[in-house]
Amino acid sequence: SPNRLMLSSCIPVHTCLSSWCRMNQIDCRLVTCILSVSLARANGNSFAHRGELRQAKRIVVKLGSAVVTRGDECGLALGRLASVVEQVAMLQNQGREMMIVTSGAVAFGKQRLRHEILLSQSVRQALHSGQNQLKDMSVPVLEARACAAAGQSGLMALYEAMFTQYSTCTAQVLVTNLDFHDDQKRQNLNSTLQELLRMNIVPIINTNDAVVPPPEPNSDLQGVISIKDNDSLAARLAVEMKADLLIALSDVEGLYDSPPESDDAKLIDIFYPGDQQSITYGTKSRVGLGGMEAKKQVGNSNSLRVSHLYPQVKAALWALQGGTSVVIANGTHPKVTGHVITDIVEGKKVGTFFSEVKPAGPTVEQQTEMARNSGRTLAALHPDQRGVIICHLADLLVEKKEEILAANKTDMDLAANAGQLSSALLNRLSLSPAKLNSLAIGLRQIAVASQDSVGRVLRRTRVAHNLELEQITVPIGVLLVIFEARPDCLPQVSALAIASGNALLAKGGKEAANTNRVLHELTQEALDIHGVKEAVQLVSTREEVEDLCRLDKMIDLIIPRGSSELVRNIQRAAKSIPVLGHSEGICHIYVDSEAAIDKVIKIVRDSKCDYPAACNAMETLLVHRDILRTTLFDQIIDMLRTERVKIHAGPRFASYLTFSPSEVKSLRTEYGDLECCIEVVDSMQEAIDHIHRYGSSHTDVIVTENEDTAEQFLQQLDSACVFWNASSRFADGYRFGLGAEVGISTARIHARGPVGLEGLLTTKWVLRGDGHTAADFSEHGTLKYLHENLPVTQPQPRQMTAQRED
């Protein structure tokens, strides 16, 4: 139910929740989450996590002066204002109750009064001088209350005109501090706002700056915040109206862990008031009474002393204590203004989220920092030491298999009860003793391959006498691997990261949460042998993938392992971080006119039926026209029917048949199940053209006995993997002898095909000289370039120091 309280009221009393969920075909975990959120909100508690902000029904948006006004503080920022209105109207039309606390009346009035004064002065000067040339005119200092009085009506008219474009009605409400101190006035205000919200009207609220007295210092009553500015007004209003969320927008990003102007300052994602730490509150806003103090330290007391903070933070903490969640964010940044409000409501990491629940464990930013620091130590280890870590992890997979399989059974039972995973995904989620043994064998292969990976010399050049250049392999840095319901991926990518000296941030699917937890604990146990336990981190918080993809200053490479939809979403979200992977696995098998019957049947069956959900499974079968209506073709069809493969006919294949299977909707389809498309081509060249047009450059196969035809196919086809008389299922790091893979890449640069250890390395150049300068090689210099290629000799392991490319 969209309404959380409606859901809690529709479950009969004394009914078993799990039974009720099964009866109504609802995910029990989802219901439990919604009911817990409902109970928390009913008891007046704020949301504990960003993800719960999606449940916010009543929202107050506070617009600071810096958001509403132009940079010259004279007039309104119409573009930003229009963007805010659009977002508020969209949320209102979704069924939420939106309220706006706005600044801007003073700035709008200042613009109007300045215009009137200048116009009046110019007219008087023209009448008195009788000349067209006017003297320099100066504008007197304008009193704020007069500006507010002149600007209120114009500001409201502007809001009304903008909201009308979205068929949304607005109403203006002006308040002062007295309206909250007088019980009758406060009740009247509450009643008015409740009625406006009931009629689907957006109240636009502001302090009546035309009559408001100057704020008195330390005038807060016990447990009550005084209305001194729009920050305190928004907080008081949010609590009075029992709002779920207060979004405070200004020109500051939020709370920092150090002075914001320092190079290492980091924005605090979640602020827990009970933390005993020093906090920096960003830069003071350029306009308005709100803003945040440039630097304010919090004492080492058990509770935050809000009376010492500037209005925005103080108001946020007061609202939080009153049961309203708060997010402070920048509403002036041109790249995010158009979606900052909706991003916050969707639970994305924007600004600083105030929470009364202390975050469990480190944040993902802290995890990344720990992984990077520990990863540098990992990269500097002796190759034998990295190999020992991997071998110990392989041993643990076998020794602790009972513990691993017990956790996996828990995940399988939860997934089966939820009923949301297909049979193919359930197969991926499942582990067995055979799978664990196979994983252990692959890890030991990686351990052997890691001996000469990091620090390997690829090229040596004598640039000049006593000036030698080397190109050596180094780790990429911090890897983010995102995988869905496939827990076997965790030890594989961990071993590859360890072997290549990379730090790893692993984000697994929630379906395998218990299995991933056990496997990660074993990985850290193996790493702890040489004191690099933190080099592999498991992200188990409520981080959204899109938020992880924004950590462009901390993550060097993203590797998605999962559905094509997951990969595409990551590729869209990761604008500044390279993504290694493929969005689709549309693999083809071309059966040539000179193909052998026995090979065709074996290869097609294995490619399609061995593991239909794999990205290297056959999706389209291309057959040469000459084998139609032959014994070979009949045997192919019989085999597919026996294996219960659903056949879709391509356009040309359908034209040959009187009664054809269902015609394919698209020739560019990855079925991921016991389904495939059959299409007819006239030649090998036409098969290549078809694959280039409809394929995904993953893995494609030719079956033929003609060596010349096969070689042309292998040379001309532009795919990551091209096979002759072999199943497409061989496109796998383990089968290639790489030990394991982090994925299969269809990219054109860096790494292509199954990406193993080599694909997780980059290079750097090392130059050793003896006081050389570029001037020595100038026209009048004494040295000349030699650029001689030298034999590549690898350094002895004891002398090898692996370094990271940052």
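We use all heavy atoms of the structure for the numbers below, so side chains are in, but hydrogens, waters and symmetry mates are not.
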Residue pair [X] / [Y]: nearest heavy atoms and the distance that separates them:
X: Q87; Y: G338; value: CD-O, 3.4 Å
X: D244; Y: K57; value: OD2-N, 2.7 Å
X: N206; Y: L233; value: C-CD2, 3.8 Å
X: G351; Y: L267; value: O-CD2, 4.1 Å
X: I570; Y: C549; value: CG2-SG, 4.0 Å
X: K507; Y: V539; value: CD-O, 3.7 Å

Polar side-chain atom of [X] near backbone of [Y] as donor-acceptor pair, under 3.5 Å:
X: K349; Y: I270; result: no
X: S355; Y: Y272; result: no
X: T352; Y: L255; result: yes
X: R54; Y: E346; result: yes
X: Q55; Y: E52; result: no
X: R80; Y: V67; result: yes
X: D552; Y: I577; result: no
X: N569; Y: L566; result: no
X: R50; Y: K348; result: yes
X: S65; Y: S103; result: no

Legend entry - Under-4.0 Å salt bridge between R186 and E240: yes

Legend entry - Listed once per pair and sorted, the side chain to side chain donor-acceptor pair (under 3.5 Å) pairs that draw on residues 157-172, sequence neighbours left out: T102-Y159, Q152-Q172

Inset, instruction - Decide whether Q187 and D183 meet the rule of one side-chain donor and one side-chain acceptor closer than 3.5 Å. - result: no

I need the [X] [atom1] to [Y] [atom2] distance, nearest 0.5 Å.
X: S325; Y: I59; atom1: OG; atom2: CD1; value: 10.5 Å
X: I204; Y: I100; atom1: CD1; atom2: CD1; value: 5.0 Å
X: I201; Y: L193; atom1: CD1; atom2: CG; value: 11.0 Å

Could you tell me whether the side chain of [Y] reaches within less than 4.5 Å of the side chain of [X], counting heavy atoms only?
X: V88; Y: F163; value: yes
X: F271; Y: L317; value: yes
X: R96; Y: V345; value: yes

Legend entry - Reference residue N230; test side-chain contact (heavy atoms from CB on, under 4.5 Å); the match among L237, V101, I205, V68: V101

